[in-house]
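Report on the following structure.
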Amino acid sequence: QVQLVESGGGLAQPGGSLRLSCAASGFTFDSYAMKWVRQAPGKGLEWVSGIDTDGRDTYYADSVKGRFTISRDNDNNKLYLQMNSLKPEDTARYYCLGGSEQSPPWDFNDHDYWGQGTQVTVSS
């Protein structure tokens, strides 16, 4: 019943931009911290960004701080990740996560709901 559906991935040139979206349903969206996690080819899962329930506090990995912006629209149960100044190192599959009170926005664990992901490729 819980669903998280990512969209907006694709190809971008270095220095370009993409906006990822995540549509959530089946749970009380505004009671959950939300996050983005990515997995690059041949590498493990990497936490990218998180946001608290009302969107007041945001958190970023050092590798994306200043380039990415996380936001949420609680009226429409949507999460976003605006990605600017993209680098080849950003190439990965990006997953949207919803965290209960057992999973804070600055991390992820077994208590999170996961989406299927959307692929981002940054290449010239």
Side-chain angles (χ1 to χ4, degrees):
Q1 190 171 352
V2 170
Q3 288 187 306
L4 294 168
V5 182
E6 300 94 334
S7 62
L11 290 170
Q13 294 183 336
S17 297
L18 288 171
R19 178 181 281 112
L20 306 184
S21 298
C22 173
S25 62
F27 64 101
T28 51
F29 182 76
D30 62 3
S31 295
Y32 281 69
M34 300 296 293
K35 319 97 174 281
W36 291 96
V37 172
R38 68 186 181 185
Q39 186 167 33
K43 297 186 177 180
L45 293 167
E46 178 190 16
W47 174 87
V48 174
S49 186
I51 189 167
D52 68 354
T53 56
D54 63 6
R56 180 177 177 86
D57 294 321
T58 58
Y59 307 85
Y60 299 93
D62 289 342
S63 59
V64 307
K65 194 167 188 176
R67 300 187 298 119
F68 291 10
T69 302
I70 189 171
S71 61
R72 66 191 296 160
D73 180 354
N74 284 350
D75 289 335
N76 293 295
N77 290 358
K78 288 188 176 179
L79 177 74
Y80 303 97
L81 186 68
Q82 177 66 45
M83 305 186 296
N84 298 327
S85 302
L86 284 164
K87 303 176 180 180
E89 306 94 274
D90 296 318
T91 295
R93 190 165 185 86
Y94 285 72
Y95 298 90
C96 169
L97 279 68
S100 68
E101 67 179 23
Q102 295 98 336
S103 184
W106 56 81
D107 200 1
F108 65 97
N109 59 39
D110 292 342
H111 296 286
D112 290 297
Y113 296 128
W114 289 72
Q116 293 295 314
T118 185
Q119 181 67 39
V120 171
T121 301
V122 184
S123 176
S124 60

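What you see is a predicted model, and the numbers here were worked out from it, not measured in a lab.
Lys35 contributes a side-chain N or O that, together with a main-chain N or O of Pro104, makes up a donor-acceptor pair within less than 3.5 Å. Looking at Asp112, its side chain never comes within 3.5 Å of a backbone N or O of Ser103 through a donor-acceptor pair. Counting only distance, with no hydrogens or angles, the side chain of Tyr95 and the backbone of Glu6 share no donor-acceptor pair below 3.5 Å.
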Donor-acceptor contacts under 3.5 Å from residues 11-19 side chains, at least two apart:
{"from": "Ser17", "atom 1": "OG", "to": "Asn84", "atom 2": "OD1", "distance (Å)": "2.8"}
{"from": "Arg19", "atom 1": "NE", "to": "Gln82", "atom 2": "OE1", "distance (Å)": "2.9"}
{"from": "Arg19", "atom 1": "NH2", "to": "Gln82", "atom 2": "OE1", "distance (Å)": "2.8"}

Sequence neighbours excluded and cut-off under 3.5 Å, please list the side-chain donor-acceptor pairs for residues 46-54, or say none.
{"from": "Glu46", "atom 1": "OE1", "to": "Arg38", "atom 2": "NE", "distance (Å)": "2.8"}
{"from": "Glu46", "atom 1": "OE1", "to": "Arg38", "atom 2": "NH2", "distance (Å)": "3.2"}
{"from": "Glu46", "atom 1": "OE2", "to": "Ser63", "atom 2": "OG", "distance (Å)": "3.4"}
{"from": "Trp47", "atom 1": "NE1", "to": "Ser49", "atom 2": "O", "distance (Å)": "3.4"}
{"from": "Trp47", "atom 1": "NE1", "to": "Pro105", "atom 2": "O", "distance (Å)": "3.0"}
{"from": "Ser49", "atom 1": "OG", "to": "Tyr59", "atom 2": "O", "distance (Å)": "2.8"}
{"from": "Asp52", "atom 1": "OD1", "to": "Gly55", "atom 2": "N", "distance (Å)": "3.0"}
{"from": "Asp52", "atom 1": "OD1", "to": "Arg56", "atom 2": "N", "distance (Å)": "2.9"}
{"from": "Asp52", "atom 1": "OD1", "to": "Asp57", "atom 2": "N", "distance (Å)": "3.1"}
{"from": "Asp52", "atom 1": "OD2", "to": "Asp57", "atom 2": "N", "distance (Å)": "3.4"}
{"from": "Asp54", "atom 1": "OD1", "to": "Arg56", "atom 2": "N", "distance (Å)": "3.0"}

Side-chain atoms of residues 113-124: list all donor-acceptor pairs with protein atoms under 3.5 Å, sequence neighbours left out, distances to 0.1 Å.
{"from": "Thr118", "atom 1": "OG1", "to": "Gly9", "atom 2": "N", "distance (Å)": "3.2"}
{"from": "Gln119", "atom 1": "NE2", "to": "Ala92", "atom 2": "O", "distance (Å)": "3.4"}

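The 12-atom threshold is not exceeded at CD of Gln3, counting heavy atoms of other residues, nucleotides or ligands nearer than 6.0 Å.
When all heavy atoms are compared, the tightest approach of Met34 to Gly98 is SD-CA, 3.5 Å. The two residues Asp30 and Arg72 come nearest to each other via the heavy atoms CA-NH2, 4.0 Å.
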Trace of the side-chain contact (heavy atoms from CB on, under 4.5 Å) decision for Leu79 with Ile70:
CA-CA 8 Å; Leu79 177 74; Ile70 189 171; 3.9 Å; yes

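Clustering ILVMFWY residues whenever any of their side-chain heavy atoms sit less than 4.5 angstrom apart, transitively, puts Leu97 in a cluster other than the one holding Tyr94. The hydrophobic cluster containing Tyr60 also contains Leu86, counting ILVMFWY residues as joined when their side-chain heavy atoms lie under 4.5 angstrom apart, directly or transitively. Put simply, Val37 and Tyr32 are part of two different groups of oily side chains (I, L, V, M, F, W, Y) that touch within less than 4.5 Å, one to the next. Tracing side-chain contacts under 4.5 Å through hydrophobic residues (I, L, V, M, F, W, Y), one never reaches Leu81 starting from Val5; they form parts of separate clusters.
Note: Trp36 CH2 to Leu20 CG = 5.0 Å, rounded to the nearest 0.5 Å.
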